[in-house]
Each structure stands twice: as structure tokens, then as C-alpha cells.
Amino acid sequence: MTDPLTARLAATVHAARTSRGLSAAGLAETSGVSRAMIGKIERGDVQPTAALLAKLSAALGMTLSELIARAEGDERRLVRAAEQPVWVDPDTGYRRRAVSPAAGRPLELVEIELPAGAEVPLLASAFLHQQIWVLDGHLRLREGTEVHELDAGDCLQLGTAPERVFANPGSLPCRYLVALVPRTT
């Protein structure tokens, strides 16, 4: 049985793809996600990982936060902490909480909790400016060949490397805030 968020994500990915006039094959080519996997996601047969959702949202010209917010169908200006949508990657335990109200565009604030020992590869988005502020723990961020070691209180403006790997080499969870805004240039 599909959980409600997975079912809404399935419908949201399908609607975003079809509204752009993309076939499943076209989205597969643009995103690098197989057509078969896109079919499974759109039917709600699988709970997609953070890496898959990031590839699909980028190919659809959306942020991961926007994709999840659309799935949640929430346009309030105030979202209490207990009501903020949380999504957990089934493979890594990566926990993503959309802090900003969906109506708060263009700024998005997202809280991430990365379990000890977890590693999450994500593709960079060329249309976003992003900064990361580490709240607790230690984060190792690899952008291409460059490696950043970040501790609580450190803030990093992300670069333009196409591939990123977020890793928590520590024994405790790492919690960080990501601030995203669309690039204007």
C-alpha cells in the first residue's frame, strides 16, 4: 500500500511532466532517470530517493522543495513546526523538512538531518543560489573535486560544480539549513 505522500508525489511528478509536454522517455533523457523508474514513481509503486527526486525536479525546472510542496498542496503563509512537511529518504535516512511556507517564494528554507555515516549524492541546480548553514554536527560536502569540512555555525555558499555529495562522517546526526533562491543572472 502506498503512503499518502508517495501517492501525492506520484501525481505531482506526472502532472509536472505532462504540463511541460514531456513524455516519460523525454523526462528520462533529460533527468538521467530510467523510463521504467519514472513509471514506477508516477504509479506510486516506489518511494523515490532524494537523489531521484532531485534529478526529476531539476529536469522539470523545479526545486526539490517546490516538488514536495506541490505534492503537499499547501499555500499557507504560516506553517507551524509540527505541520511542516517532512520527507525521509528510504535508502539513507536523510530527513528533509520544508521550513518555509510554500507561499513564501522565492526564498526557500529547508532543514536537513543527515544520519551518522550517511552519504547523499545530489546534482547541482544551475537555476538556484544556495547557502548551507550547519546547525549541529559535522558535514563533509564534496563539490566536484573540492571538499568542504563544515562544523556547527559554518556557512557555505554553494558553487557551480554539477555534482555534489553530502556526507556525515561523524558518529552523531548532522543538522543543517539550506537557503535557496532562484538565480537572477
Side-chain angles (χ1 to χ4, degrees), residues 1-76 79-115 117-128 130 158 162-168 173 175-176 178 180 182:
M1 175 166 227
T2 301
D3 68 270
L5 181 56
T6 299
R8 288 191 304 269
L9 277 169
T12 301
V13 169
H14 178 77
R17 176 179 63 77
T18 57
S19 73
R20 287 160 176 76
L22 282 172
S23 65
L27 181 57
E29 185 178 322
T30 305
S31 68
V33 175
S34 75
R35 192 171 141 241
M37 179 55 74
I38 290 169
K40 288 178 183 178
I41 291 168
E42 288 187 354
R43 287 189 305 273
D45 292 345
V46 297
Q47 182 182 10
T49 65
L52 282 175
L53 284 178
K55 287 179 181 181
L56 291 173
S57 62
L60 293 167
M62 305 164 67
T63 66
L64 184 54
S65 297
E66 184 179 3
L67 182 68
I68 292 172
R70 284 188 186 184
E72 288 292 324
D74 194 350
E75 290 300 320
R76 296 174 291 168
V79 183
R80 305 280 181 200
E83 301 169 333
Q84 294 168 352
V86 174
W87 179 79
V88 179
D89 184 326
D91 285 354
T92 63
Y94 162 100
R95 184 178 162 273
R96 184 178 199 289
R97 182 168 62 99
V99 177
S100 296
R105 306 284 183 255
L107 173 66
E108 290 183 47
L109 299 175
V110 180
E111 180 190 38
I112 306 294
E113 185 173 304
L114 194 58
E119 190 171 288
V120 177
L122 296 173
L123 294 176
S125 174
F127 66 93
L128 289 175
Q130 300 179 54
L158 296 184
E163 294 184 14
R164 299 178 179 141
V165 177
F166 296 78
N168 178 357
R175 211 169 49 90
Y176 56 95
V178 182
L180 310 102

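Throughout, residue positions are numbered sequentially from 1 according to the sequence presented. The figures here come from the full heavy-atom set of this structure, side chains too, leaving out hydrogens, waters and symmetry mates.
If you take CD on Gln47 and CG on Leu52, they are separated by 11.0 Å, rounding to the nearest 0.5 Å. If you take NE2 on His14 and CD1 on Ile38, they are separated by 12.5 Å, rounding to the nearest 0.5 Å. The CG atom of Leu60 sits 8.5 Å away from atom OG1 of Thr30, with the distance rounded to the nearest 0.5 Å. Summarising the geometry, atom CG belonging to Asp89 is positioned 10.5 Å from atom CD1 belonging to Ile112; distances are rounded to the nearest 0.5 Å. Put simply, CD on Glu111 and CZ on Arg95 are 6.0 Å apart, with the number rounded to the nearest 0.5 Å. The CG atom of Leu27 lies 12.0 Å from the NZ atom of Lys55; values are rounded to the nearest 0.5 Å.
In this structure, Tyr94 and Phe166 have side chains that are not in contact, with every pair of non-hydrogen atoms separated by 4.5 Å or more. With contacts defined as side-chain heavy-atom distances shorter than 4.5 Å, the pair Arg35/Glu29 does not qualify. A heavy-atom distance below 4.5 Å is not found between the side chains of Leu56 and Pro48.
Taking all atoms of both residues into account, the shortest heavy-atom contact from Gly44 to Ala10 is N-CB, 3.7 Å. Between Ala50 and Val120, the shortest heavy-atom distance links the atoms CB-CG1, 4.3 Å. When every heavy atom of Ala28 is checked against every heavy atom of Ser34, the shortest pair comes out as CB-C, 4.0 Å.
Side-chain N or O atoms of Arg96 include none that pairs as donor or acceptor with a backbone N or O of Val110 at under 3.5 Å. Ser100 contributes a side-chain N or O that, together with a main-chain N or O of Leu109, makes up a donor-acceptor pair within less than 3.5 Å. At distances below 3.5 Å, at least one donor-acceptor pair connects side-chain atoms of Arg17 with backbone N or O atoms of Leu22. Without hydrogens or angle criteria, Asp91 side chain to Thr49 main chain gives no donor-acceptor distance under 3.5 Å.
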I would like to know whether Leu9 and Ile41 meet side chain to side chain contact (heavy atoms under 4.5 Å, CB included); could you show each step before the answer?
-> CA-CA 8 Å; Leu9 277 169; Ile41 291 168; 5.9 Å; no
